[in-house]
Amino acid sequence: MKHLFFLLWAVGLAAAAQAQQPTPAKAPVVLKPGRMQAQARPAANRPDVPPQFPGGATALSAFFQQQVKYPEAARVKKVMGNVLTRFTIETDGRVTNPTIATSLSPECDAEALRVLALMPAWQPATRKGQPVAIQVQLPVPFGNSTNLQVEKSKTKVKFE
């Protein structure tokens, strides 16, 4: 009888210990480009309409071709590629808080920030018809002329 009582007591302790263990958290959902879904209750700052550079992607490409000066130090080192910049487009379309998200070289980074300061006001993002400030990532191209073109069908703007 003592053994039966002890056995039941041991099984009860094991079940209680298992019940007290925290359940593992669910893995976060990873949304991949092209597989995004509309949200039932989107975040308050998520826009319905994204911001637009005046004139669209073609005008943005032309702006970069006119304004980006390939730094001589980068030309000598044969540095080519994109400086990924991050900035905020305010409710009035102004570009504020420019930073470098991914660096290419110190010279190219400085030139990218200079060009962002020259950028005209954008058409701001809107949510339910009201303009909202939004953070944007935009690559600034450096290198030969083929790198300085933005394709019409592929706008190189990422929203966060």
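Because the structure is predicted, anything quoted here is derived from the model rather than measured.
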List for me each residue that meets salt bridge (charged side-chain N to carboxylate O under 4.0 Å, His left out) alongside Glu107, sequence neighbours excluded, and say none if there are none.
-> Lys77
Apply side-chain contact (heavy atoms from CB on, under 4.5 Å) to Thr99 and list each qualifying residue two or more places apart in sequence or on a separate chain.
-> Arg86
Partner residues of Glu90 under the side chain to side chain donor-acceptor pair (under 3.5 Å) criterion, sequence neighbours left out | Thr96
Contacts of type side chain to side chain donor-acceptor pair (under 3.5 Å), residue Asn97, not counting sequence neighbours = none
Quick check: does any side chain N or O of Asp92 sit under 3.5 Å from a backbone N or O of Arg94, one acting as donor and the other as acceptor?
-> yes
side-chain contact (heavy atoms from CB on, under 4.5 Å) with Pro106: which residues, sequence neighbours excluded?
-> none
By side-chain contact (heavy atoms from CB on, under 4.5 Å), which residues pair with Ser103, not counting sequence neighbours?
-> Ile100, Asp109
Across all chains, not counting sequence neighbours, the side-chain contact (heavy atoms from CB on, under 4.5 Å) partners of Val95 are Phe87, Met119, Trp122
Can you run down the salt bridge (Lys or Arg N to Asp or Glu O under 4.0 Å) pairs that involve residues 56-65, sequence neighbours left out, and say none if there aren't any?
-> none
Please list all pairs passing the salt bridge (Lys or Arg N to Asp or Glu O under 4.0 Å) test where one or both residues lie in residues 57-71, with sequence neighbours left out.
-> none
Rounded to the nearest 0.5 Å, the CG atom of Leu138 sits from the CG atom of Leu60 at a distance of 5.5 Å
CG of Leu104 to CZ of Phe142, rounded to nearest 0.5 Å, is 7.5 Å
Measure the shortest side-chain to side-chain distance between Phe53 and Thr58 over non-hydrogen atoms and say whether it is less than 4.5 angstrom.
-> no
Could you give all pairs that pass the salt bridge (Lys or Arg N to Asp or Glu O under 4.0 Å) test and reach residues 128-139, with sequence neighbours left out?
-> none
